[in-house]
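The next block holds one structure in the form of structure tokens; read it before the comments.
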Amino acid sequence: MNTYCINTRDAKEGMIVAEPTYFTTKSDTQMLAAPTGAELDKNLIDYMIARGVKTVEVFSDVPLDDIVVARPKKTLKYKPPEQPEQLKPVVPVVSEELKEEAVGCVKDLFDCLSAKDGVNKTTAYKCVSEVEGIVDDLVEILSADSTSLVHISNLKSFDDYTFHHSLSVSLLAMATGRELGFDEKTLFRLGRCAIMHDIGKQAVPKEIINKKGRLNAREFEIVRQHVFLGASTLKANDIGDEELWDAIMCHHEKINGSGYPKKLKGTKIPLFAKIISVADVYDAITSYRSYRNPMLPSEAFNIIFKEVGVSFEYPVVKAFFAKLELYPLNTIVVLSDGRLAVIHDSDTKFRLRPAVRLWGSDEIIYLAATANRDLHIVDVMRPDEIPADYLVK
């Protein structure tokens, strides 16, 4: 299947967006108009036209010679750097040791609750106690510096996604709670709810959880049951309390009442569930999966803000992004002109367009500057993706 760049006015309903499509506001801020994978319909096409989007990249398995603006897009090739350099690691919020311990504890709890011969309550209580110990450690980390931002760069993994996801969501939710003014006891309660929010997926068939591609209607309905299964399993085994069970049950509810399982609206949704919901979506769409690449933090930012008043509550979203470091220092990124760069500085006012240093150079580029409005981050690279000849040997 080829990728074509077409005039937005020539776009047809049903076409699939191949590249994130942006528009520029009057304040020179880039906003996401359509993410990769979005299916175009009349409303989305009209939305992009109204905001001055001239072209859009789409997938097509048939030639589009009559409407094509550019020939099939070539794979972006990185421009050689001026000179190789050494990798500078991103400073993690959660140490590797704590991460591995946390992932192991969450996995043990999942395994315990999904045992074929029934749940051993003694083992279950031990697993829960260990998970709560991890949450205590996270509270301590967040309390050490209440002004610092958090990121989840080192918590991403192809393997054991569900368990890494549980840890990420817990950290993000607690950071949000910190911004909302929660004390340490409340942060602990929130973190406990967040780290166990997906516990019901232990009862969902693994072939559905790990399926490549879209779920069909039957599979999606099975996955939707995880909120009920999680709450009911813990309740049946005397684990937790109403606060925990409600947070697990309601983390897929939406502010406008279109969520599940109860279609709750607004104030009917527990605050913990509202916070977990934002953290859950952010981590999910910025994570590597077997069937898709992650979205950029800036893309996730725009998608979530577009859902304010629909899926999410504004004060929660505002607090969430106030504590989140979108592009941590030393993150390796690819610019839209093919050059590699390293995050050099991230001003609070322009966190979507940070200052970067070109790879192998001392040149600093301020992406927030008007002169650089056509230059933006198109990818985030893991250290193991860096070509060997780009590194100091």
Side-chain angles (χ1 to χ4, degrees), residues 3 18-20 30 36 73-103 148-161 164-165 167-168 171 283 285-301 324-347 350-369 371-372 374-393:
T3 303
E19 286 282 330
Q30 279 203 326
T36 300
K73 185 185 175 188
K74 296 180 180 179
T75 301
L76 181 66
K77 292 185 178 180
Y78 310 133
K79 294 182 179 179
E82 293 181 11
Q83 58 187 21
E85 66 172 65
Q86 291 182 327
L87 285 172
K88 295 181 180 178
V90 174
V91 178
V93 177
V94 176
S95 69
E96 284 296 312
E97 293 78 13
L98 180 56
K99 180 186 76 172
E100 293 304 319
E101 181 184 356
V103 169
S148 65
L149 302 180
V150 302
H151 65 82
I152 49 176
S153 300
N154 73 317
L155 305 184
K156 301 292 188 183
S157 174
F158 283 108
D159 302 318
D160 291 334
Y161 165 75
H164 284 83
H165 174 67
L167 176 58
S168 295
L171 179 64
D283 184 66
I285 63 180
T286 59
S287 293
Y288 293 90
R289 303 305 303 277
S290 59
Y291 50 86
R292 62 159 171 77
N293 288 324
M295 288 188 180
L296 293 174
S298 53
E299 295 168 347
F301 176 94
L324 179 65
E325 185 67 87
L326 296 170
Y327 294 104
L329 297 182
N330 296 329
T331 299
I332 306 162
V333 297
V334 184
L335 302 180
S336 52
D337 63 2
R339 290 181 292 179
L340 261 64
V342 179
I343 299 300
H344 174 74
D345 187 27
S346 185
D347 187 289
F350 301 107
R351 284 160 56 209
L352 290 172
R353 296 181 64 78
V356 301
R357 178 180 59 77
L358 294 181
W359 185 273
S361 166
D362 292 328
E363 182 181 351
I364 306 298
I365 296 178
Y366 295 89
L367 295 179
N372 295 321
D374 293 328
L375 192 62
H376 55 276
I377 296 171
V378 297
D379 200 4
V380 174
M381 294 189 70
R382 302 191 312 276
D384 59 5
E385 295 176 317
I386 301 297
D389 56 350
Y390 284 22
L391 299 172
V392 173
K393 297 179 181 178

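Values below: all heavy atoms of this structure, side chains included; hydrogens, waters and symmetry mates excluded.
- A distance of 6.5 Å separates CD1 of I386 from CG of L391, quoted to the nearest 0.5 Å.
- The line from CD1 of I343 to CD of E325 is 9.0 Å long, rounded to the nearest 0.5 Å.
- Counted within 6.0 Å of CG on D389, heavy atoms from surrounding residues, nucleotides or ligands total more than 12; the atom is thus considered enclosed.
- The two residues I364 and A355 come nearest to each other via the heavy atoms CG2-CB, 4.3 Å.
- Note that CZ of F301 and CG of L326 are 7.0 Å apart. Values are rounded to the nearest 0.5 Å.
- N154 places no side-chain N or O within 3.5 Å of a backbone atom of V93 that could act as its donor or acceptor partner.
- No side-chain donor-acceptor contact under 3.5 Å links R353 to the backbone of A369.
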- Message: Walk me through whether L155 and K99 qualify under side chain to side chain contact (heavy atoms under 4.5 Å, CB included).
- Response: CA-CA 7 Å; L155 305 184; K99 180 186 76 172; 3.6 Å; yes
- Message: I'd like to know whether L329 forms a side chain to side chain contact (heavy atoms under 4.5 Å, CB included) with V91, so could you lay out the CA-CA distance, the side-chain angles of the two residues, the decisive distance to 0.1 Å, and finally the verdict.
- Response: CA-CA 8 Å; L329 297 182; V91 178; over 6 Å; no
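- Taken to the nearest 0.5 Å, the NE2 atom of H164 stands 6.0 Å off from the CD atom of E100.
- Residues P294 and T286 come closest through the heavy atom pair CB-O, 3.2 Å.
- The shortest non-hydrogen separation linking Y390 to W359 is O-NE1, 3.0 Å.
- To the nearest 0.5 Å, atom CG of residue L358 and atom CD of residue E363 are 4.5 Å apart.
- Not a single ring pair (Phe, Tyr, Trp, His ring centres under 6.0 Å) links H151 to another residue, sequence neighbours left out.
- Distance check, rounded to the nearest 0.5 Å: CG of D283 to CD1 of I152 gives 4.0 Å.
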- Message: side chain to side chain contact (heavy atoms under 4.5 Å, CB included) for L375 and R339? Distances and angles first, verdict last.
- Response: CA-CA 10 Å; L375 192 62; R339 290 181 292 179; 4.1 Å; yes
- Is there a side chain to side chain contact (heavy atoms under 4.5 Å, CB included) between L340 and V333 once you walk through the steps? CA-CA 6 Å; L340 261 64; V333 297; over 6 Å; no
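- A heavy-atom distance below 4.5 Å is not found between the side chains of P297 and I377.
- In terms of modelled atom types and a separation under 3.5 Å, the side chain of S336 and the main chain of V378 share no donor-acceptor contact.
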Side chains of residues 80-90: which donor-acceptor partners sit under 3.5 Å, not counting sequence neighbours?
unit_1	atom_1	unit_2	atom_2	d
E85	OE1	R357	NH1	2.9
E85	OE1	G360	N	2.7
E85	OE2	R357	NH2	3.0

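- With sequence neighbours left out, the ring pair (Phe, Tyr, Trp, His ring centres under 6.0 Å) criterion links Y366 to no other residue.
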